[in-house]
Amino acid sequence: MALAAPTRKPPNDDSTEAPVFAVDGLWKVFGPKAARVPADPELAALSPAELRERAGCTAAVRDVSFDVRKGEVFVVMGLSGSGKSTLVRCLTRLIEPTAGTIAIDGEDVRAMDKARLRELRRHRAAMVFQHFGLLPHRTVLDNVAYGLQIQGIGKAERRERAAEVVAKVGLEGMEQRRPGQLSGGQRQRVGLARALVVDPEVLLFDEPFSALDPLIRRDMQEEVIRLHEEEGRTMVFITHDLQEALRLGDRIALMRDGRVVQLGTPEEIVGSPADDYVRDFVRDVPREQVMTVRRAMRPASEEDAGNGPAVPPEATVAEAIEAVARAGAPARVVDEGRCVGVVDSDALLGVVAGVAAPGDADPDAEAR
């Protein structure tokens, strides 16, 4: 599994800044008298099979809580039937939650009236779906501008704004083509541009690339990474693909049977799996491409501070191994001009092998 994940700094974790989305105790139950399930501890504790037998209900989302921080790519990952797509649709009430709270910038989403919900979906949280839903008789430019047309923006302005976004997603020169003249990857770029043109605070991706072939899918992943680095826009990304989750996510919520079984950074999930299910999920991940030098570094001594190659704290173990091998000496971990630690080949190879290292995170921390 080749991740080739880009080295990038995570968004600032400022606990004083209100999250963009705050979800607490969220349930979505399908079936008769669905509201009784989260209200009854005995029913809520049943397994999916037992709940279907006892109450005739399916709990697609079970008591899920998380925050989405401003500027991060928050990935929700799970196998088919885990509840991830239902969860993302609950965020803007495309599917009505059964219980729990959802807030965007502190505003209660479940209390919004129809007009406020329309404003949320059109301006604040734009969805990019797997199935593009492009209008076949409209050009690329007019498809992208459609959301602005619904908002009542004048023709000249909306076409100008649409042209800017079309160029941003790499479709310059294709403005007058129709969807039938585009490849799958190009159509997905149109869908992405259509979401971007309304300048939403959050982009919600519901398995947008799962129908694309592997090479086009990788190109679209790179496009998402590039746009995120350029704009710092908050993104919630749904996927069933672990490789995609690890490449894109600043943090990942791994779901099973409607529950979040682990929430953490890619490094936390690969390095400190919460249970056997997660451990099996990440078993074949090349650790050196996910783990960072924070896991392997030891405190720097005075004599270390001026010697050896320098790597940033977010460098992967694979990158640090290359630097150490090239220099034939331990590498300094340098953050904002200050040496914060040192890594050598033994510690780096220990991380690859799964041996505890000085920088190992507490497995009982947020990753759980």
Side-chain angles (χ1 to χ4, degrees), residues 3 5-24 26 64-77 84 87-88 90-92 101-107 109 119-128 161 164-165 168-170 189 191-209 220-239 244-254 260 262-269 290 292 294 312-316 335-336 361 365-367:
L3 298 176
T7 297
R8 66 177 194 252
K9 285 199 172 186
N12 290 331
D13 181 9
D14 185 354
S15 58
T16 64
E17 186 173 11
V20 176
F21 269 112
V23 177
D24 186 43
L26 185 68
V64 168
S65 301
F66 61 88
D67 291 342
V68 178
R69 301 165 185 162
K70 184 176 177 61
E72 81 171 325
V73 180
F74 185 90
V75 173
V76 182
M77 195 202 80
K84 58 191 183 301
L87 174 61
V88 75
C90 285
L91 295 182
T92 58
T101 62
I102 306 166
I104 182 168
D105 295 326
E107 182 179 0
V109 173
E119 194 274 339
L120 169 67
R121 295 166 185 167
R122 290 179 181 178
H123 298 276
R124 300 169 70 183
M127 185 81 80
V128 181
R161 286 169 58 178
E164 291 175 359
V165 178
K168 183 178 290 185
V169 299
R189 287 174 187 265
L192 178 56
R194 188 171 55 186
L196 283 169
V197 77
V198 298
D199 195 26
E201 182 179 0
V202 188
L203 280 172
L204 306 174
F205 295 87
D206 187 13
E207 298 206 65
F209 310 145
M220 289 304 302
Q221 291 169 0
E222 293 291 348
E223 191 68 24
V224 168
I225 291 168
R226 182 183 67 80
L227 287 170
H228 182 252
E229 289 176 344
E230 289 179 359
E231 300 186 352
R233 198 181 300 270
T234 306
M235 299 179 181
V236 178
F237 199 99
I238 308 302
T239 184
E244 187 166 70
L246 295 173
R247 292 194 73 235
L248 297 180
D250 293 311
R251 289 188 300 150
I252 299 168
L254 180 55
V260 172
Q262 185 164 3
L263 194 161
T265 65
E267 183 174 10
E268 288 169 338
I269 287 176
V290 177
T292 68
R294 294 183 185 90
E314 63 270 12
T316 64
D335 188 20
E336 297 181 349
E366 182 191 14

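Sequence positions, counted from 1, serve as the residue numbers for this chain.
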Determine the minimum heavy-atom distance between [X] and [Y], stating which atoms define it.
X      : Y      : value
Arg251 : Val68  : NH2-CA, 4.2 Å
Arg161 : Val197 : NH2-O, 3.4 Å
Val169 : Glu223 : CA-OE2, 3.5 Å
Pro266 : Ile252 : CG-CD1, 3.9 Å
Met127 : Asp206 : SD-CB, 4.3 Å
Ile102 : Cys90  : CD1-O, 3.2 Å

How long is the straight-line distance from [atom2] of [Y] back to [atom1] of [X], given to the nearest 0.5 Å?
X      : Y      : atom1 : atom2 : value
Leu91  : Ile104 : CG    : CD1   : 9.0 Å
Leu248 : Met220 : CG    : CE    : 10.5 Å
Phe237 : Gln221 : CZ    : CD    : 6.5 Å

Are side-chain heavy atoms of [X] and [Y] found at a separation under 4.5 Å?
X      : Y      : result
Phe21  : Asp67  : no
Leu254 : Val260 : no
Arg294 : Pro313 : yes
Phe209 : Val224 : yes
Leu87  : Val76  : yes
Arg69  : Thr234 : no
Leu204 : Thr92  : yes
Leu192 : Leu196 : yes

Mind checking what makes salt bridge (charged side-chain N to carboxylate O under 4.0 Å, His left out) contact with [X], not counting sequence neighbours?
X      : answer
Glu267 : Arg295
Glu107 : Arg116, Arg124
Arg233 : Asp199, Glu231
Arg122 : none

side-chain contact (heavy atoms from CB on, under 4.5 Å) between Asp250 and His228, worked out: CA-CA 11 Å; Asp250 293 311; His228 182 252; 3.9 Å; yes
[X]: partners by side chain to side chain donor-acceptor pair (under 3.5 Å), with sequence neighbours left out:
X      : result
Asp24  : Ser65
Thr101 : none
Thr239 : Glu244

Verdict with supporting geometry, Glu230 and Arg226, salt bridge (Lys or Arg N to Asp or Glu O under 4.0 Å): CA-CA 6 Å; Glu230 289 179 359; Arg226 182 183 67 80; 2.9 Å; yes
For Phe74, ring pair (Phe, Tyr, Trp, His ring centres under 6.0 Å) partners two or more places apart: Phe66
Contacts of Ala126 that satisfy side-chain contact (heavy atoms from CB on, under 4.5 Å) - sequence neighbours left out: Ala195, Val198, Pro200, Leu203
